[in-house]
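Have a look at the structure below before the remarks.
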There are 2 protein chains.
Amino acid sequence: MADQSPSGESLLFLTDEQLRKGIEAMFFAYRGFTADPDRILEGMDYGRAHHRAIHFIHRSPATTVSNLLSVLGVTKQSLNRVLRTLIEDGLVEARVGRKDKRERHLHLTAKGQELERALSDAQRARMRAAYRAAGPQAVAGFRTVLEAMMDPEMRKQYQGLKEGGT
Amino acid sequence: MADQSPSGESLLFLTDEQLRKGIEAMFFAYRGFTADPDRILEGMDYGRAHHRAIHFIHRSPATTVSNLLSVLGVTKQSLNRVLRTLIEDGLVEARVGRKDKRERHLHLTAKGQELERALSDAQRARMRAAYRAAGPQAVAGFRTVLEAMMDPEMRKQYQGLKEGGT
DNA sequence: AATTTACGTCAGCCTTGTTGACTTTCCAAG
DNA sequence: CTTGGAAAGTCAACAAGGCTGACGTAAATT
């Protein structure tokens with residue numbers, strides 16, 4: 001599945017020029033990708049870091065600080081700064097673990113869900129437009145290439161979040 | 001071309017769940033995308049901002065500061081800080097324009113080309129591996145979706161750089 | 001009882017972005 | 001030839017969000 005060498009000409013998609021185009025596509029697309037949430041967040045006291053925290057708490061409720069740490073790939077101190085303001089502002093709730101009381105299980109409050117909604121609505125709108133314009137086949141390819149581009153550990157995070165529960 | 005509504009089920013790729021997967025794929029993949037150059041740059045006095053400047057000077061030699069400014073989407077002051085160190089360190093040369101002497105035309109020195117080579121080799125290696133694993137069709141879809149995701153202005157930059165010369 | 005784990009926090013630093021104000025150079029239009 | 005404005009550079013101050021190092025505390029584990 002990964003190694004069919006058909007003729008020789010179909011390897012043209014591996015030229016340096018094609019790779020460079022892909023690199024720049026990533027650069028410019030990522031700017032678009034973050035533009036809408038950034039616009040919403042500017043003015044509030046929050047930034048991209050808060051968005052990321054909110055996103056992953058939303059998608060994995062009751063996640064622990066450690067979990068979040070490894071998903072986001074930042075230091076405890078960096079995350080803590082963000083998390084503290086979100087908790088103080090009443091967007092996130094940190095519940096002491098029942099089984100292991102050292103752990104903090106993170107949840108979005110109603111207010112937190114509200115902001116999450118606004119942010120992800122904006123981001124999804126752009127994504128949806130792009131998906132629709134490109135079509136299902138292109139989308140499948142898009143996901144395939146991105147997944148292949150991840151570090152193995154990140155790929156585990158990405159896939160694991162699919163059905164991974166608590 | 002953009003609006004063929006076949007049955008109803010093929011719209012499943014536009015569900016919120018699919019969009020969320022795409023969003024997270026972008027997040028995790030972008031980390032991988034920047035990981036290798038970042039590793040090279042750490043230890044040197046340079047960062048991602050220097051990499052970006054070097055990349056676009058390499059691909060559009062003799063570009064002006066203004067051009068670079070609009071491609072990178074940062075302020076003059078931000079870019080200038082980066083550019084100054086690159087010039088001081090002899091990686092970039094700023095030639096006064098012949099026609100318009102206010103302009104500075106930017107070029108990589110031999111030393112600059114060397115670093116550019118190291119950085120883009122690393123980044124291309126990952127890209128190539130991902131492309132090869134995914135196959136040409138997936139790559140086409142990848143590029144299509146990314147392009148659709150860009151802001152119109154960025155898309156112009158992206159496409160314009162294809163054949164756009166001096 | 002000792003150690004490890006999970007979390008929080010203080011302090012300080014770096015990169016890279018921002019705004020605002022100002023200067024120099026120089027093209028082009030009056 | 002003068003002047004307006006564009007292009008470029010620079011200084012200062014600030015903020016977000018990374019980082020390291022050191023330390024503290026509570027709870028689980030050994």
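Residue numbering restarts at 1 for every chain, and letters A, B, ... go by the order of the sequence lines.
Taking side-chain N and O atoms only, A:His50 has no distance below 4.0 Å to OP1 or OP2 of D:dA16. Regarding contacts with the backbone of C:dT9, a side-chain N or O of A:Arg84 is found under 4.0 angstrom from either OP1 or OP2. For the pair B:Thr75 and C:dT18, the criterion of a side-chain N or O lying under 4.0 Å from OP1 or OP2 is met. In this model, the phosphate group of C:dG17 is approached by a side-chain N or O of B:Arg52 to a distance below 4.0 Å at OP1 or OP2. Phosphate contact (OP1/OP2 of D:dC19, side-chain N/O of A:Ser78, threshold under 4.0 Å): present.
At whole-Å resolution of the value, CZ in A:Arg95 and P in C:dC7 are 16 Å apart. Separating the CG atom of B:Leu83 from the C1' atom of D:dA7 is a distance of 14 Å, rounded to the nearest angstrom. In this structure, B:His51 atom NE2 and C:dG17 atom P are separated by 14 Å, rounded to whole Å. Summarising the geometry, the separation between CD1 on B:Ile87 and P on D:dG9 is reported as 7 Å, rounded to the nearest angstrom. In this structure, the CG atom of B:Asn80 is 16 Å from the P atom of C:dT19, given to the nearest Å. For the pair B:Lys99 NZ and C:dA28 C1', the computed distance is 12 Å after rounding to whole Å. With rounding to whole Å, B:Tyr46 atom OH is found 17 Å from C:dC14 atom P. In this structure, B:Arg39 places its CZ atom 18 Å from P of D:dG18, rounding to the nearest Å.
In terms of position along DNA chain C, the nucleotide closest to A:Ala94 lies nearer the 5' end than the nucleotide closest to the other residue of the pair B:Leu79 and A:Ala94. Projected onto DNA chain D by closest heavy-atom contact, A:Val74 and A:Gly97 fall at different nucleotides, the more 5' of which corresponds to A:Val74.
One cannot find a donor-acceptor pair under 3.5 Å joining the base of D:dG17 and the side-chain atoms of A:Gln77. Judged by distance alone with a 3.5 Å cut-off, a donor-acceptor contact links the side chain of B:Arg102 to the base of D:dA6.
Considering only side-chain atoms of B:Val65, the nucleotide from D:dG9, D:dA7, C:dG17 that sits closest is D:dG9. Comparing C:dA6, D:dA27, D:dT10 by their nearest atom to the side chain of B:Lys76 picks out D:dT10.
Within the nucleic acid shown, A:Arg81 comes within 4.0 Å of at least one base atom, counting heavy atoms only.
Between A:Phe33 and B:Met150 the shortest side-chain heavy-atom distance does not fall below 4.5 Å.
One finds a salt bridge joining B:Arg20 and B:Glu24 here, because a Lys/Arg side-chain nitrogen approaches an Asp/Glu carboxylate oxygen to under 4.0 Å.
No option in A:Tyr30, A:Phe56, A:Tyr158 other than A:Phe56 meets the ring-ring contact (aromatic ring centres under 6.0 Å, His included) test with B:Phe27.
Screening residues 90-100 of chain B for salt bridge (Lys or Arg N to Asp or Glu O under 4.0 Å) gives B:Glu93-B:Arg95, B:Asp100-B:Arg102 as the qualifying pairs, with residues at least two apart or on separate chains.
Taking a 6.0 Å sphere around CD of A:Gln137, one finds it holds 12 or fewer heavy atoms contributed by other residues, nucleotides or ligands.
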